[in-house]
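All ligand and atom numbering here is 1-based and tracks the order in the structure. Along the sequence shown, residues carry numbers from 1. The structure presented is a predicted model; accordingly, all values stated were derived computationally and were not measured.
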Amino acid sequence: MSGLDDRRILLVVTAGIAAYKCGYLVREMLRRGADVDVVMTPRAENFVGRATFEGLTGRRLEEDIWDRPMAHLELGRDVDAVVVAPATADFLARMAGGRADDLASTAVLAADGPVLVAPAMNTRMWENAATRDNVAVLEDRGVTVVGPDSGELAEGEVGPGRMAEPDTIVAETERMAFRAACGGGPLDGEKVVVTAGPTRAHVDPVRFLTNRSSGRMGYGVAAAAWRRGAEVSLVTGPGTVDPPHGPAVTEVETAEEMLDALHGELAGSRALVMSAAVSDFRPSAPETGKIKRGGRESLTLELEPGPDLLAETRQAREEGGIFTVGFALETDDARENARRKLEEKGLQIVALNEISEETGLETTTNRLTLLEDDGTTEEWPLLSKDEAGERLVRRIEERLEE
Ligand code: CTP
């Protein structure tokens, strides 16, 4: 179960130096289940070899419009996405002008799927009024423009012009292809709020209490919801991995900050997934100065309960009809406790986490058991947190459609 399963993609590689990154781009698309055809403009071969793409896709690349009758029409027929990466200033101009003077431009013109371009060029070319106009024309026609990023360019200048990172292009392609293939699922255009990561409770200016949460599980959920067309707001504590491309990210540190952010985000939301590992206790009187060792024999910290975010948001969730998924981290009487949390916290689904070397906190995989308010319980196998996130979002979609 992956973001590009059974999707047909036409990748057009044009003559920019970033073409060397397209080997990785193709590999990622294939790894996510896509069926990829590659077309190169003749001059792209100055930057990357045809054999690279033939080796990765296992297909011979068509070279010229005259080699095989109808290749120019077949390449883009019934595709879920056309991706032009890198897209040079010249190729964007040719697209804007509707040109069909080689295999690549003709295949793009004849394609019937949505089109994404990842421009890459020198900053002055990107900022030139001609390019600006061409990009505006393409956007107007519904083309998705991803990037360019700013930074150091191959020629040593600094500014916008770097091709967006391949992972970003893949994420944008997944979202675009999902919309094209499914006409937008039940989450399309809906707001989904996801919390992730640990929170911190301050002890003094240099110390805090926290837990081992990495953020991965919530990031997997947020990425999947965004891929499937939702407007995702990701409220995250300081995890150990980077948040995914797509969702709007609000970084918070404490449980109180997370609660404030939630209050701001929940209005108008369709679903909330509380994957954050929120600290339950905080020091009753955090010190304003650093606690010194002094000649102390021992140190006792007094803790008090912090806010329960699901309880504090219950009224807003119920009034707004927000479908809510909580997580339960249990070591004893797991199912009994999880079912109790489902009822007491007013949830529609609770995802029970086991704690072991391969599941729970700090891991890249998880084994979840889903308990739902319709009385059902389902055990899932060990999955990567990305796969578990995808599966959870699909389950939320099914429930929203019931
Ligand atoms: N949660 C919350 N606010 C807290 C603690 C947890 O909203 N202060 C949420 C978590 O994000 C999760 C769910 O409540 O979705 C269950 O979290 P968990 O830590 O398993 O349970 P607790 O409510 O903390 O209960 P206990 O410590 O008794 O297991």
Side-chain angles (χ1 to χ4, degrees), residues 192-202 208-222 225 233-239 250-266 269 271-284 303-318 320 322-356 359-363 366-373 377 385 388-389 392-393 395-396 399:
V192 173
V193 181
V194 179
T195 66
T199 62
R200 292 174 175 170
H202 290 278
F208 50 77
L209 302 175
T210 190
N211 58 65
R212 292 162 48 202
S213 168
S214 65
R216 278 193 194 91
M217 188 62 246
Y219 294 176
V221 173
S233 169
L234 172 61
V235 181
T236 179
T250 306
E251 291 181 353
V252 297
E253 206 184 344
T254 63
E256 293 74 16
E257 287 169 11
M258 190 171 272
L259 179 60
D260 279 349
L262 271 184
H263 280 313
E265 294 292 345
L266 280 182
S269 296
L272 165 68
V273 182
M274 276 293 299
S275 7
V278 186
S279 307
D280 281 318
F281 291 94
R282 63 189 177 198
S284 323
L303 304 179
E304 63 180 20
D308 179 333
L309 276 51
L310 281 170
E312 300 274 350
T313 54
R314 185 163 186 161
Q315 197 183 348
R317 292 190 285 118
E318 286 177 356
I322 300 172
F323 189 93
T324 308
V325 180
F327 275 72
L329 199 59
E330 305 291 346
T331 49
D332 309 296
D333 303 325
R335 289 209 183 179
E336 223 168 90
N337 281 326
R339 184 127 325 258
R340 186 177 44 74
K341 280 180 192 169
L342 179 81
E343 282 152 22
E344 284 176 3
K345 292 175 183 261
L347 306 173
Q348 279 65 58
I349 299 179
V350 68
L352 169 63
N353 256 311
E354 288 176 39
I355 297 279
S356 74
T359 71
L361 302 169
E362 284 180 320
T363 59
N366 228 354
R367 186 177 291 117
L368 298 177
T369 302
L370 249 62
L371 296 93
E372 306 200 21
D373 61 349
T377 300
K385 286 183 174 173
L392 183 56
V393 169
R395 181 67 196 134
I396 295 170
R399 288 289 310 266

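Of all atoms in ligand 1, numbered sequentially from 1 with element shown, those under 4.0 Å from a heavy atom of G326 are 15 (O). Every atom of ligand 1 with a heavy atom of A328 under 4.0 Å away is listed here by number and element: 20 (O).
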- prompt: Taking it one step at a time, do Q348 and V325 satisfy side-chain contact (heavy atoms from CB on, under 4.5 Å)?
  reply: CA-CA 6 Å; Q348 279 65 58; V325 180; over 6 Å; no
message: Set out, in order, the CA-CA distance, both residues' side-chain angles and the distance that settles side-chain contact (heavy atoms from CB on, under 4.5 Å) for V193 and I322, then state yes or no.
response: CA-CA 10 Å; V193 181; I322 300 172; over 6 Å; no
- request: Please report the C-alpha distance between T377 and L352 in whole Å, then the side-chain angles of each, then the deciding distance to 0.1 Å, and finally whether the side-chain contact (heavy atoms from CB on, under 4.5 Å) criterion is met.
  value: CA-CA 10 Å; T377 300; L352 169 63; over 6 Å; no
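A donor-acceptor contact closer than 3.5 angstrom links the side chains of T236 and Y219.
Scanning all protein heavy atoms for the shortest distance to atom 29 (O) of ligand 1 gives K341 NZ, 2.8 Å. Regarding atom 24 (O) of ligand 1, its nearest protein heavy-atom neighbour is D280 OD2, 2.7 Å. Given atom 10 (C) of ligand 1, the protein heavy atom at minimum distance is A276 O, 3.6 Å. In terms of protein heavy atoms, atom 7 (O) of ligand 1 is closest to L310 N, 2.9 Å. For atom 6 (C) of ligand 1, the nearest non-hydrogen atom of the protein is V278 CB, 4.1 Å. With respect to atom 17 (O) of ligand 1, the closest heavy atom belonging to the protein is F327 O, 3.5 Å.
Separation of atoms CE (M217) and CG (N366) is listed at 6.0 Å; rounding is to 0.5 Å.
Counting only heavy atoms, the protein gets under 4.0 Å from atom 3 (N) of ligand 1.
Classification of D373 and R399 as a salt-bridged pair holds, one side-chain N sitting under 4.0 Å from a carboxylate O.
Q315 CD: 12 or fewer foreign heavy atoms inside a 6.0 Å radius.
Considering K345, E330, R314 only, the shortest heavy-atom separation from atom 23 (O) of ligand 1 involves K345.
Of all the heavy atoms of P307, the ones lying under 4.0 Å from any atom of ligand 1 belong exclusively to the backbone.
Heavy-atom separations between A255 and ligand 1 are all 4.0 Å or longer.
Closest of all the heavy-atom pairs between V194 and G218 is CG1-O, 3.5 Å.
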